Amino acid sequence: MLTMMEQMGEGEIIRALPPCDCDDCLFQEPATGDGRAMPDRKPLKRQSSWRKIRSFILWSPFIQVFKKHRYPWIQLAGHQGNFHAGDAGSVLKRLDPREQACFKKLMSDSLKDFVPEYRGDVDKNGETFIQLQDLLCDFTSPCVMDVKMGVRTYLEDELHKARRSPTLRKDMYQKMVEIDSTAPTTEEHEQKAVTKPRYMQWRDEMSSSVELGFRLEGIKKSDGNSSKDFKKIKTRESIVDILRSFVGGNENIVAKYIRRLKDIMATQEASEFFTSHEVIGSSLLFVHDAEEKVSVWMIDFGKTEPLPKGITVNHRNQWQEGNHEDGYLFGLDNLVSIFEEVHTSLTSSSV
Ligand code: I3P
């Protein structure tokens, strides 16, 4: 999350900022719930008026600068259209009741210092947003990396609902064949659609989520270059290479990341919030700049739920349906050890 447009009229920004120009956000499908295949992707209603002026605004120099330099996180966020400018030093994220409930609890939890500050709710143009601390406003030309934590990215509840009323997604089938045309079954090829849990499970296996308990979602370098092309990055070795490049070979930055990750882990292990929730689809946001300012925050709680009564998790045990384990700390253990490997490789090569 990034710096606000302090000097601009806020209403102007809300009107002018594109909900998003990525495929994720311009084309989302509501669930039909009746098992029918969804039609081809269609734009959200809210966004259609935007699209009329989209081609004009998208290429205006203001928006280009705005997106590249002031809001690099827009390029990394999974559902980029959910974000808008807030007051100075804040960002607005479309309200999701589950996420709002998490932030309310987190503000009085020991994890408070590792999540963006929740600054209440804001109504804009008939929609409600949560206002969150802009995590990047103290950085100069930061490098940003989004790492999605856990061995799975779907809630147990999503699996149950999908079994009760399977909804077929053509867009997910398309995303699947773009990555691997042999991945869908014969039936899925005939339907040209897959269910969401099927797609999510395949994505988790295809990336490092299942094996390592985390996956790289996106990286934005200080020069503005960004990549979300990590869907097939699975092995420890390939992640070591990517992280080494992300930190620009700077061992001090790596050491600071390791320290921060260990602080996060120790705090999570003792946190009332963390020990009582199934944490799914949540990311760690890594940020550093050329002045060696470094931080990591926990973000995205739209799929973080209180555990059912009587269930406890340690976030490290293997997931079996019904036990609600999410593999978050299993992933964090691996992430720390991979960063340590990067650190060793940098210190040994500098001797
Ligand atoms: C998306 C990713 C998101 C998920 C989204 C997927 O796939 O798994 O986490 O949103 O579902 O399309 P990909 O990264 O391959 O593009 P949620 O976590 O909110 O479910 P959606 O299309 O239903 O929003």
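All values below come from the heavy atoms of this structure, side chains included, with hydrogens, waters and symmetry mates left out. Numbering starts at 1 and runs along the sequence shown. Just so we're clear, the structure is a prediction, and the values are computed from it rather than from any experiment. Each ligand, and each atom within it, is numbered from 1 in the order the structure gives.
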- Message: Evaluate Tyr199 for polar contact with ligand 1, using N/O atom pairs at a separation under 3.5 Å.
- Response: yes
- Message: Glu158 versus ligand 1: do any nitrogen or oxygen atoms come within less than 3.5 Å of each other?
- Response: no
- Looking at Arg215 and Asp204, does any basic side-chain N land under 4.0 Å from a carboxylate oxygen? yes
- Identify, by atom number and element, the atoms of ligand 1 in contact range of Lys148, meaning under 4.0 Å from any of its heavy atoms. 3 (C), 9 (O)
- Give the numbers and elements of all ligand 1 atoms closer than 4.0 Å to a heavy atom of Lys196. 11 (O), 17 (P), 20 (O), 21 (P), 23 (O)
- Is the closest basic N to carboxylate O distance between Glu340 and Lys262 below 4.0 Å? yes
- Item | Close-contact set for ligand 1 against Lys175 heavy atoms, below 4.0 Å | 1 (C), 6 (C), 7 (O), 12 (O), 13 (P), 15 (O), 16 (O)
- Below 4.0 angstrom from a heavy atom of Lys303, which ligand 1 atoms are there? Numbered from 1 as shown, please. 17 (P), 18 (O), 20 (O)
- Message: Looking at Lys293 and Glu291, is any side-chain nitrogen of the basic one under 4.0 Å from a carboxylate oxygen of the acidic one?
- Response: no
- Closest approach of Ala183 to Trp202 (non-hydrogen atoms, all atoms of both residues): CB-NE1, 3.4 Å
- Query: Got a salt bridge between Glu187 and Arg198, using NZ or NE/NH1/NH2 to carboxylate O under 4.0 Å?
  - Reply: no
- Item | Where ligand 1 meets Lys231 - atom numbers and elements under 4.0 angstrom, heavy-atom basis | 15 (O)
- May I ask you to decide whether Arg260 forms a salt bridge with Asp263, counting only side-chain N to carboxylate O separations under 4.0 Å? no
